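Structure, as structure tokens:
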Amino acid sequence: MRITLPFDNGVGAELVGLDVASGLAADDYAFVREALDAHSVVVLRNQEVEPRAQRAFAAGIGTLRPLVYGRYSLPGYPEVMMVSNIKKDGQDIGISDAGSLWHSDGAYLREPDMYSLLYGVQIPHRGDEPLGDTLFASVCAAYDGLDQETRQRLAGLVGLNSFVWHLEKKARQGTLRRAPLTPEQKANTPDVEHPVVRRHPHTGRACLYVSEAHTCGIVGMPQAQAEELLQRLWTHIASPQFIYRHRWAKGDLVIWDNCAVQHLASFDYGDIPRLMHRTGTFGPRPQIC
Ligand code: OGA
Ligand code: MN
């Protein structure tokens, strides 16, 4: 029997009764998609997820997306990225700086990611305490929590989202740990415009779609004014009432909806090894609300 157990403050739910290793049927995937529409983040615990099965899972709930950063993929699995601080021969085996700023995956792309699936292979601990939590903030709840005047002010605004600016910001923050973009990668990731408030493609809810990681300006607005507005929205999004904090255990598979939530990595584990496998699905072009 499949059960959905919603978390306390309205963001996220645990799904019980699915066993990824035994393979999922079409109606299991429909169940997961419905849970994602209702709760934005879903957690499946105690799973054995081989890379092949994780790829199949992503393809079951959406259209599997190849990676922008090919060099961090799992050997033989171009769609499965390693998120890790582990080094081999002095080199990072995976991406080691993912999520140091609140963000939505792929927001710097014309067609950002819809779902991300992150599987806990190796979770760092200090004593019994797991480290490396991932935080999720509901940007639908955050929009609903804005006052009427701010909502009116945001109507019709378009944000400028930039991968290049993102990497520069991480470098200034001191958290950039990946190879610089090649001219070809730079050319493949031009700045893109997305609505500041986007309509969720399934639920129709209004979602704030500006992030401290990727949104560097607002089209047609003087920069100082845009920065002030963006800063206010980022602070609002990170308010405790919109957040689910996932405390990882090995075998957790966490799936989130990148239109409905933003996420942040906590980076409190230093050199204690952490390894996650990540896959993603294509999303539609964000539509204005
Ligand atoms: C990601 C990401 C956060 C984490 O993989 O997209 O942001 O806690 N990860 O690893
Ligand atoms: Mn991410």
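Counting starts at 1 for both ligands and their atoms, following the listed order. Side chains included, hydrogens not; waters and symmetry mates left out as well; all remaining heavy atoms used. Worth saying up front: this structure is predicted, and the values here are computed from it rather than measured.
- Counting the atoms of ligand 1 from 1 in the order shown, those under 4.0 Å from a heavy atom of A265 are 3 (C), 4 (C), 8 (O).
- Summarising the contacts of atom 9 (N) of ligand 1 with D97, T279, L118, the nearest heavy atom is found in L118.
- Checked for salt-bridge contact, R2 and D28 meet the test: a charged N lies under 4.0 Å from a carboxylate O.
- With no hydrogens or angles considered, a side-chain donor-acceptor pair links Q223 and E227 at under 3.5 Å.
- Ligand 1 lies nowhere less than 4.0 angstrom from a heavy atom belonging to M276.
- Those atoms of ligand 1 with a heavy atom of T134 less than 4.0 angstrom away are 4 (C), 8 (O).
- Between D268 and R126, no side-chain nitrogen of the basic residue sits less than 4.0 Å from a carboxylate oxygen of the acidic one, so the salt-bridge criterion is not met.
- Residue-ligand proximity, R274 to ligand 1, at heavy-atom distances under 4.0 Å covers atoms 4 (C), 8 (O), 10 (O).
- Considering both main-chain and side-chain atoms, D133 never comes within under 3.5 Å of ligand 1 through any nitrogen or oxygen pair.
- Considering backbone and side-chain atoms alike, W256 places every N or O at 3.5 Å or more from each N or O of ligand 1.
- For the residue pair D37 and Y115, the shortest heavy atom distance occurs at OD1-OH, 4.1 Å.
- Nearest approach of L117 to A58, heavy atoms of both residues: CD1-CB, 3.7 Å.
- Numbered from 1 in the order shown, with element, the atoms of ligand 1 that lie under 4.0 Å from a heavy atom of D105 read 6 (O).
- The distance from the OG atom of S138 to the CG atom of D144 is 7.5 Å, given to the nearest 0.5 Å.
- In the vicinity of V83, heavy-atom distances shorter than 4.0 Å reach the ligand 1 atoms 5 (O), 10 (O).
- Under a 4.0 Å heavy-atom criterion, M81 is not in contact with ligand 1.
- Angle NE2(H103) to the Mn ion (ligand 2) to NE2(H263): 80° [nearest 10 degrees].
- Set against the non-hydrogen atoms of G99, the atoms of ligand 1 under 4.0 Å away are 7 (O).
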